[in-house]
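Numbers restart at 1 for each chain; the letters A, B, ... are given by sequence-line order, proteins then strands.
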Amino acid sequence: MATGALSKIFEELLNKDTLFKNREVLRSSHTPDYLPHREEQVNHLASILVSALRGDSPSNVLIYGKTGTGKTAVAKFVGKELEDMGEAKGLPLYVIYVNCEIVDTQYRLLAHLATYFGRDVPMTGWPTDRVYEEFREGLDSEFRIAIIILDEIDKLARRGDDVLYNLSRMNSNLKNSKVSIIGITNDLTFTDHLDPRVRSSLGEEELIFPPYNATQIEDILKQRAEEAFKEGVLDDTVIPLCSAYAAQEHGDARRALDLLRISAELAERRGDKRVTEEHVRMAQDKIEVDRVVEVVRTLPTQSKLVLASIVWLSGRMKSFTTGEIYRVYRQMCMYIGADVLTQRRVTDLISELDMLGIVNATVISKGRHGRTKEVSLSASIETIKLVLNEDYRLKELSGFRASTQTSLI
DNA sequence: CTTCCACGGGAACACTGGGGTG
DNA sequence: CACCCCAGTGTTCCCGTGGAAG
């Protein structure tokens, strides 16, 4: 039977020596029981939230810090401890974690919260105030203390901070329950374009998470590695190297953990018994390539066209301006019969590519010759070309040449 | 000091996919 | 069922503005 043969394959793979004891602890989503170098933040947050255990609503908190500085981990960790304490004391304490990168609109956030408290809200269709009412009634139906953690809160506030306004002053509309908000953001300027009233109530307390330095990241990696790996599979240099790489990336611990995990996975796949520096370097490349591939692949067609123009120009010169990109872009669109967007829109698309780390775009002033963005490719051109070619609509570009009237410069 | 180009914020619009109402 | 309401998204249109070359 074929299944017999197949199960044999799996069996062999399963019996193959693994370097891992527990791979999960290396995932950044894993919340460990102890967070090295974050004692101060944990204590601070706990001291703010402790009033929940006395039946009061704690102050709202804003947490700032770059990616991979442990904001989410600390918030989740303290939240869980708090919930456990609440349970032990028989308090109706609810800690609700919402990632605003996924739940990224007012409507969806309120619908999510309402659903949490057992209300049925359709995915779309209702006026927002009605969803808000639904949530309020659901929450207020009995005595409760709710702590809402809004991760990546900047992604939500981008348009309309109405929800935040409503949520932050919600306590005055509640008879039985109390609500507090913990906002997490990596955008230090986040509060700038926020309604002043929201700003003051949301930021009653503020916590700053500084980036980790290389030695701190080393501690984190050591702690996790102990749980994750079998004895002696790591070369001594592996953890310092991972830490050094991550420290360059503004002390991103998540990055370091990914790097360590992927290094080990690569080693394992090649059947090596130990993880070495070489694996780390391979992993570093792999992460970068995977990131670019993933980003480019999921780009909408118009962005791909803009990127294709940039790639085309990169083959000819080092850097170029928005105007040049737009001229090439327009011709490409005509060439394959796609809609041509306005230059205004294209500048936005370029900025998005910049934010995604695929291109570099800096605004410069060329004096007499006006202001423009100077753009250059910042990821591997080969990788991007390869992925762009996967798109059947862009395949037709293979015969593309810019017409002579595209006098570049 | 003038001049010039594109930046980037904001308003307005079209369109989509959903809901409620009579 | 027809019809209107709503949020969300991607886009266009309009326009004030930055800042170094000339």
Side-chain angles (χ1 to χ4, degrees), chain A residues 98-115 119-138 150 152-167 187 189-196 295 298-307 309-310 313 317 319-334 337-356 359-376 391 393 405-409:
Chain A
V98 183
N99 187 341
C100 299
E101 197 157 21
I102 298 154
V103 184
D104 62 350
T105 66
Q106 318 185 42
Y107 188 97
R108 282 205 268 276
L109 172 57
L110 289 169
H112 184 92
L113 294 174
T115 316
R119 297 300 178 118
D120 270 342
V121 176
M123 308 243 307
T124 135
W126 284 4
T128 315
D129 4 347
R130 176 157 172 203
V131 186
Y132 172 77
E133 271 313 299
E134 205 71 29
F135 164 51
R136 216 211 65 214
E137 283 168 23
L150 299 177
E152 314 270 313
I153 194 172
D154 45 315
K155 299 280 171 0
L156 178 76
R158 206 169 2 143
R159 59 231 155 201
D161 37 31
D162 297 7
V163 227
L164 295 179
Y165 179 70
N166 286 326
L167 285 181
D187 181 4
T189 66
F190 159 66
T191 43
D192 293 356
H193 27 256
L194 216 55
D195 187 307
V295 166
T298 51
L299 243 31
T301 311
Q302 287 292 347
S303 298
K304 282 185 184 167
L305 276 164
V306 173
L307 183 56
S309 320
I310 295 172
L313 282 162
M317 57 191 93
S319 69
F320 24 84
T321 65
T322 309
E324 287 153 7
I325 296 171
Y326 189 65
R327 277 191 283 279
V328 176
Y329 159 82
R330 203 170 42 206
Q331 286 186 40
M332 281 190 173
C333 287
M334 313 239 248
D339 292 345
V340 183
L341 301 183
T342 53
Q343 183 157 334
R344 174 72 187 82
R345 182 69 187 129
V346 170
T347 53
D348 276 349
L349 294 181
I350 294 174
S351 300
E352 276 167 33
L353 290 174
D354 182 25
M355 229 117 67
L356 291 167
V359 306
N360 270 321
T362 21
V363 252
I364 52 161
S365 184
K366 290 193 168 178
R368 202 73 211 271
H369 309 293
R371 199 157 67 122
T372 187
K373 263 207 190 82
E374 196 172 57
V375 182
S376 62
D391 193 314
R393 282 155 301 189
Q405 67 161 39
T406 316
S407 51
L408 298 162
I409 298 180

_Just to verify, which of A:V328, A:I350, A:V346, A:V375 counts as forming a side chain to side chain contact (heavy atoms under 4.5 Å, CB included) with A:S309?_
A:V328
*Name the one of A:T301, A:L299, A:V306 that satisfies side chain to side chain contact (heavy atoms under 4.5 Å, CB included) with A:S303?*
A:L299
Rounded interatomic separation in angstrom, taking [atom1] from [X] and [atom2] from [N]:
{"X": "A:E374", "N": "B:dC5", "atom1": "CD", "atom2": "P", "result": "18 Å"}
{"X": "A:R108", "N": "C:dA7", "atom1": "CZ", "atom2": "P", "result": "13 Å"}
{"X": "A:I364", "N": "B:dC4", "atom1": "CD1", "atom2": "P", "result": "19 Å"}
{"X": "A:R330", "N": "B:dA6", "atom1": "CZ", "atom2": "P", "result": "11 Å"}
{"X": "A:D162", "N": "C:dC6", "atom1": "CG", "atom2": "P", "result": "15 Å"}
{"X": "A:K366", "N": "C:dG19", "atom1": "NZ", "atom2": "P", "result": "17 Å"}
{"X": "A:I325", "N": "B:dA6", "atom1": "CD1", "atom2": "C1'", "result": "12 Å"}
{"X": "A:Y107", "N": "C:dT9", "atom1": "OH", "atom2": "P", "result": "13 Å"}

_Heavy-atom donor-acceptor pair, A:R371 side-chain to C:dG19 base, under 3.5 Å_ = no
*Compare every heavy atom of A:A361 with every heavy atom of A:K373, then report the nearest pair and how far apart it is.*
CD-CB, 3.6 Å
_Interface with DNA chain C, restricted to residues 343-352 of chain A and to heavy atoms under 4.0 Å_ = A:R344, A:R345
*asked:* Within the 4.0 Å limit for protein heavy atoms, which parts of nucleotides 14-22 of chain B are touched? Write it as a string from 5' to 3', B for base, S for sugar-phosphate only, - for none.
replied: ---BBSS--
So, do [X] and [Y] sit near enough that their side-chain heavy atoms are less than 4.5 Å apart?
{"X": "A:L167", "Y": "A:F135", "result": "yes"}
{"X": "A:Y132", "Y": "A:L113", "result": "no"}
{"X": "A:L164", "Y": "A:L150", "result": "yes"}
{"X": "A:V359", "Y": "A:L307", "result": "yes"}
{"X": "A:V363", "Y": "A:T372", "result": "no"}

*asked:* Between A:Q302 and A:Y329, is there a side-chain donor-acceptor contact under 3.5 Å, judged purely by atom types and distance?
replied: yes
*Could you please name the option among C:dA7, B:dC4, C:dC13 that lies closest to any side-chain atom of A:D129?*
C:dA7
_Nearest to side-chain heavy atoms of A:R368, which nucleotide of C:dT12, C:dG22, C:dT9_ = C:dG22
Does [X] put a side-chain nitrogen or oxygen below 4.0 Å from OP1 or OP2 of [N]?
{"X": "A:K373", "N": "B:dG8", "value": "yes"}
{"X": "A:H369", "N": "B:dT3", "value": "no"}
{"X": "A:T372", "N": "B:dC5", "value": "no"}

*Which part of the nucleic acid, if any, lies within contact of A:V131, taking any heavy atom under 4.0 Å across all strands shown: a base, the sugar-phosphate backbone alone, or nothing?*
nothing
